[in-house]
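The structure presented is a predicted model; accordingly, all values stated were derived computationally and were not measured. Note that ligands are numbered from 1 as they come in the structure, with each ligand's atoms numbered from 1 the same way.
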Amino acid sequence: MEKRFIYADNAATTAVSEEVLNAMLPHFRTAYGNASSIYKLGRDAQRDIEDARTKVASAIGADPNEIFFTSCGSESDNWAIKGTAERLAKKGKKHIITSVFEHHAVLHTTEYLEKQGFEVTYIPVDEKGLINPEDVKNAIREDTALVTIMYANNEIGTIQPINEIAKICNEKKVIFHTDAVQAVGHVEIDVHKQGIDMLSLSGHKIHAQKGIGALYVKKGIALPNLIHGGGQERSKRAGTENVPAIVGLGVAIESACRNINEKAEIITPRRNRLIDGILQLPYTRLNGDRDKRLPGNLNISIEGIEGESLLLMLDNYGICASSGSACTSGSLDPSHVLLSIGLKHEVAHGSLRLSIEEDVTDEDVDYILEVIPKVVDTLRSMSPVWEKMMKGESYE
Ligand SMILES: *Cc1c(COP(=O)(O)O)cnc(C)c1O
C-alpha cells in the first residue's frame with residue numbers, strides 16, 4: 001500500500017485556493033491603497049472591498065449594506081451576541097436562548113454574559129444532534145433578547161431546522177442569529193427568505209485565508225459599534241480594512257456557493273462509503289443524523305481506543321483527521337458536543353471526525369478504509385479498556 005497524503009479535516013480549516021490567492025496577491029504589492037484615500041489607488045481599494053461585499057451578500061441572499069467584515073467567525077459571533085445583549089438589556093431584555101452544543105465562540109460568550117447578569121437557556125439536542133424547534137418556542141419569554149442557534153454543527157455535521165426556528169423567532173419578534181461558519185458553501189442559504197436576522201461566517205473554512213470573517217445584520221437592526229475609531233464598515237468596526245483578505249473572502253464565497261448541489265453529489269457517496277466502511281468495525285456508532293448532515297462530514301465513535309492515539313497513527317499514514325473539535329483537542333475533557341448527544345465519556349474519547357471535500361477521491365476513500373481497521377486493531381490490542389470490554393468486565 002503506497003502512502004498517500006489525505007487532508008480530511010476541512011471543518012478545522014482549508015487551504016487557500018489558487019483562485020483566491022491570485023485575487024489577493026496584487027493587493028499586497030501594487031494595489032495596496034488605503035480605501036479611505038482620495039486618489040485612484042485608494043478608490044480602487046474601496047471599489048474592491050465593495051465588490052467583495054456584494055459577493056458575500058449575494059452568496060447568502062443579503063443586501064451589500066447588511067454585510068460587515070470582521071476578523072473571523074469568532075468575532076462575528078461575539079459581536080452579534082454581545083452587541084444585541086448590550087442593546088436590549090437597556091430595554092429590560094436580559095434573556096438569551098442558545099443550544100448546548102454550539103461552538104465555543106458562542107458558548108463562552110453566553111457564559112460571559114451570564115456572569116454579567118444575563119440569563120441563558122441552553123436548548124438540548126436529541127441523540128441525533130438535532131434541536132426541536134418547539135423547545136425554542138417554549139423557551140421564549142417576554143424578556144428574551146436573542147436566540148442564537150448554529151446552522152450546522154462543526155463536530156457532528158448536523159444541520160438544524162433553521163427555517164422553523166427562524167419562523168418562530170420572527171413570529172415572537174425575537175432576534176435570531178445563526179453561526180453558519182460550517183454551513184456557508186455547503187448548504188444553500190438565503191437569509192431574507194429564511195427569516196434570519198444575523199449570520200456569522202468565516203473565510204478560512206471556505207478556502208479564504210485565516211483571519212477574515214463577516215457578519216450579516218439585517219437592515220433595521222441597530223447593532224452597537226464594535227471598534228471605535230475611523231469610519232470603516234460604516235463606523236461600526238473601525239480599523240483600516242484588510243483588503244487582501246476581504247477580496248479573498250469575496251472570491252472564496254462566490255466559488256464555494258456556485259455549485260453547492262453538484263459538489264454534494266460528488267462528496268456524499270464518498271462520505272457514505274466511509275461511514276459504511278468504518279461502521280463494519282464492531283463497537284462503532286455514527287454520531288449525528290445520517291441524512292440531515294453536511295455532505296462532507298462524518299463522525300464515528302470507536303470504542304476501546306483513544307481518539308488522540310488514533311489521530312497520531314492516522315497521521316503516520318498521511319491522513320489528517322480530527323477527534324472532537326480542534327479547540328477541545330489537547331485538553332482531556334471530551335467534546336461537549338459528543339456528551340450532549342448522550343455519549344459516555346469513554347466513548348466520546350474514541351471519536352473520529354473526517355471532513356472531506358471533492359479532492360478526496362474514491363481511491364483516497366479506499367486507502368482510508370484500508371488504514372482505519374488496521375490502526376483500530378493495533379490500538380485495541382494494546383488497550384486495557386478493550387481487553388476488559390471483551391471479557392465483559394466493567395471498565396468505568
Ligand atoms: C471555525 C468555527 C468558528 C470560528 O471561526 P474562526 O474564523 O476560526 O474564528 C465558529 N463557529 C463554527 C461553527 C466554526 O466551525
Side-chain angles (χ1 to χ4, degrees), residues 7-16 20 56 60 67-82 98-112 123 125 129-131 148-160 162 165 177-187 189 196 198-216 226-227 237 242 245-246 248-250 252-253 256 287-288 292-299 320-330 335-338 340-341 353-357:
Y7 187 73
D9 204 16
N10 289 280
T13 197
T14 60
V16 171
V20 168
V56 173
I60 60 167
I67 302 296
F68 297 91
F69 291 112
T70 64
S71 74
C72 60
S74 301
E75 182 183 319
S76 300
D77 285 339
N78 271 256
W79 189 10
I81 297 167
K82 286 192 276 196
T98 186
S99 83
V100 290
F101 83 156
E102 298 293 310
H103 189 275
H104 283 140
V106 169
L107 281 186
H108 288 168
T109 303
T110 57
E111 282 165 18
Y112 162 80
I123 304 286
V125 292
L130 292 168
I131 282 165
T148 174
I149 304 275
M150 72 198 314
Y151 208 118
N153 186 271
N154 44 306
E155 292 188 42
I156 58 174
T158 43
I159 300 169
Q160 299 306 322
I162 290 299
I165 297 169
H177 166 256
T178 185
D179 173 342
V181 171
Q182 290 291 339
V184 168
H186 301 288
V187 296
I189 297 178
I196 297 167
M198 291 192 284
L199 176 145
S200 301
L201 61 92
S202 174
H204 76 102
K205 307 280 172 77
I206 52 169
H207 300 284
Q209 70 160 81
K210 293 159 189 68
I212 183 72
L215 178 65
Y216 148 78
L226 180 67
I227 302 179
R237 186 188 182 276
N242 186 346
I246 289 172
L249 175 60
I253 200 167
N287 297 318
K292 291 176 189 146
R293 74 188 303 136
L294 294 169
N297 169 287
L298 72 91
N299 188 312
C320 301
S322 162
S323 170
S325 76
C327 318
T328 354
S329 55
S335 132
H336 68 287
V337 172
L338 296 177
S340 76
I341 57 171
R353 177 188 76 184
L354 300 175
S355 42
I356 62 165
E357 294 192 348

Next on the checklist: Looking at every non-hydrogen atom in both residues, tell me the closest pair between Arg293 and Ile156 and how far apart they are.
Outcome noted: NH2-O, 3.0 Å
Next on the checklist: When you compare the side chain of Leu130 with that of Val125, does any pair of heavy atoms fall below 4.5 Å?
Outcome noted: no
Throw together a table of side-chain donor-acceptor distances under 3.5 angstrom for residues 67-76, partners on residues two or more places apart or in other chains.
{"from": "Thr70", "atom 1": "OG1", "to": "Cys72", "atom 2": "O", "distance (Å)": "3.1"}
{"from": "Thr70", "atom 1": "OG1", "to": "Ser76", "atom 2": "OG", "distance (Å)": "2.8"}
{"from": "Thr70", "atom 1": "OG1", "to": "Gly213", "atom 2": "O", "distance (Å)": "3.4"}
{"from": "Thr70", "atom 1": "OG1", "to": "Ala214", "atom 2": "N", "distance (Å)": "3.4"}
{"from": "Ser71", "atom 1": "OG", "to": "Glu75", "atom 2": "OE1", "distance (Å)": "2.6"}
{"from": "Glu75", "atom 1": "OE1", "to": "Ser71", "atom 2": "N", "distance (Å)": "3.1"}
{"from": "Glu75", "atom 1": "OE1", "to": "Arg237", "atom 2": "NH2", "distance (Å)": "3.1"}
{"from": "Glu75", "atom 1": "OE2", "to": "Arg237", "atom 2": "NE", "distance (Å)": "2.4"}
{"from": "Glu75", "atom 1": "OE2", "to": "Arg237", "atom 2": "NH2", "distance (Å)": "3.4"}
{"from": "Ser76", "atom 1": "OG", "to": "Cys72", "atom 2": "O", "distance (Å)": "3.2"}
{"from": "Ser76", "atom 1": "OG", "to": "Ala214", "atom 2": "O", "distance (Å)": "2.9"}

Checklist entry - Can you name the residues that form a side-chain hydrogen bond (donor to acceptor under 3.5 Å, both in side chains) with Lys210, not counting sequence neighbours? => result Thr13
Checklist entry - Who pairs with His207 by side-chain hydrogen bond (donor to acceptor under 3.5 Å, both in side chains), at least two apart in sequence or on another chain? => result Glu357
Present, as a list of atom pairs with distances to 0.1 Å, all nitrogen or oxygen contacts under 3.5 Å between ligand 1 and the protein.
{"from": "ligand 1", "atom 1": "7 (O)", "to": "Gly73", "atom 2": "N", "distance (Å)": "2.8"}
{"from": "ligand 1", "atom 1": "7 (O)", "to": "Ser202", "atom 2": "OG", "distance (Å)": "2.6"}
{"from": "ligand 1", "atom 1": "8 (O)", "to": "His204", "atom 2": "NE2", "distance (Å)": "2.8"}
{"from": "ligand 1", "atom 1": "9 (O)", "to": "Gly73", "atom 2": "N", "distance (Å)": "3.4"}
{"from": "ligand 1", "atom 1": "9 (O)", "to": "Ser74", "atom 2": "N", "distance (Å)": "2.9"}
{"from": "ligand 1", "atom 1": "9 (O)", "to": "Ser74", "atom 2": "OG", "distance (Å)": "2.7"}
{"from": "ligand 1", "atom 1": "11 (N)", "to": "Asp179", "atom 2": "OD1", "distance (Å)": "3.3"}
{"from": "ligand 1", "atom 1": "11 (N)", "to": "Asp179", "atom 2": "OD2", "distance (Å)": "2.6"}
{"from": "ligand 1", "atom 1": "15 (O)", "to": "Gln182", "atom 2": "NE2", "distance (Å)": "2.7"}
{"from": "ligand 1", "atom 1": "15 (O)", "to": "Lys205", "atom 2": "NZ", "distance (Å)": "2.7"}

Item to check | pair Ile196-Ile162: side-chain heavy atoms closer than 4.5 Å | outcome: yes
